[in-house]
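Right, one structure below, let's go through it.
Both backbone and side-chain heavy atoms feed into the values below; hydrogens, waters and symmetry mates do not. Throughout, protein chains are lettered first and strands after them, A, B, ... in sequence-line order, and every chain is numbered starting at 1.
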Amino acid sequence: KQEVTQIPAALSVPEGENLVLNCSFTDSAIYNLQWFRQDPGKGLTSLLLIQSSQREQTSGRLNASLDKSSGRSTLYIAASQPGDSATYLCAVKEDGNKLVFGAGTILRVKS
Amino acid sequence: NAGVTQTPKFRVLKTGQSMTLLCAQDMNHEYMYWYRQDPGMGLRLIHYSVGEGTTAKGEVPDGYNVSRLKKQNFLLGLESAAPSQTSVYFCASSYGGKGANVLTFGAGSRLTVL
């Protein structure tokens, strides 16, 4: 059974700092990996999707990498801003078009 | 641009009561999903549908039923609510397929069972 773990569970950083969120998964037989953002009381917004054949994806200040063989992904946020404060979740897509989610990392960027 | 709409947003039930959560999407997506989110556990898949008239069990299907009579709607039913079903429920939809499959999520429905 696929298990997705996110470390750290919570992170507090000063504004402007670069930071890395980690995601690991136990079964490397995935189609893709997605990073989502969730604001309090809201749904999830997809940030980046990395296909299993890709190594990384970038969008603005966000960069996500994927090492499928080791079962790891990282989300790098450059020059963090208070508006980046949210919960970040990673999810892997398995056969049957199902996503398995991690528990998330709660990020707080202090101004 | 409504996207994925969930109703109701909040509901309080007593143990044993029944209710239905409605999910509607206007993007002509084939695939629809119901997840529950509990503190410290991420999202877990309850049931999903790969097209009108089809449903399938996810990771935690017990105590729930679903129906997909119309392509745009996916209903989640609780026949006899239990306190363990207190959670935030999210509906999502996607075009489907084994390739890129970005999900669009609704805003969530917070259910409390007393």
- So which part of B:Q6 gets closer than 4.5 Å to some heavy atom of chain A, the side chain, the backbone, both or neither? neither
- Message: Count I, L, V, M, F, W, Y as connected when their side-chain heavy atoms are under 4.5 Å apart, and connections chain through other members. Are B:V60 and A:V100 then in the same cluster?
- Response: no
- Query: If you group Ile, Leu, Val, Met, Phe, Trp and Tyr by side-chain heavy-atom gaps below 4.5 Å, do A:L75 and A:I30 land in one group?
  - Reply: yes
- Test item: A:K93 and B:L103 side chains (from C-beta on) under 4.5 Å apart, heavy atoms: no
- Message: Please check if the number of heavy atoms outside A:Q54 that lie under 6.0 Å from its CD is greater than 12.
- Response: yes
- Query: Does CZ belonging to A:R61 count more than 12 external heavy atoms closer than 6.0 Å?
  - Reply: yes
- Item | Region of A:L44 in contact with chain B, defined by heavy-atom distances below 4.5 Å | both
- Message: Nearest 0.5 Å, please: how far is CE in B:M41 from CZ in A:F101?
- Response: 14.0 Å
- Query: What is the minimum heavy-atom distance between A:Q38 and B:F90, and which atoms define it?
  - Reply: NE2-CZ, 3.3 Å
- Give the C-alpha distance, both sets of side-chain angles, the deciding distance and a yes or no for side chain to side chain contact (heavy atoms under 4.5 Å, CB included) between B:Y33 and A:L99. CA-CA 10 Å; B:Y33 312 79; A:L99 294 184; over 6 Å; no
- Query: Counting only heavy atoms not in B:R44, do more than 12 fall under 6.0 Å of its CZ?
  - Reply: yes
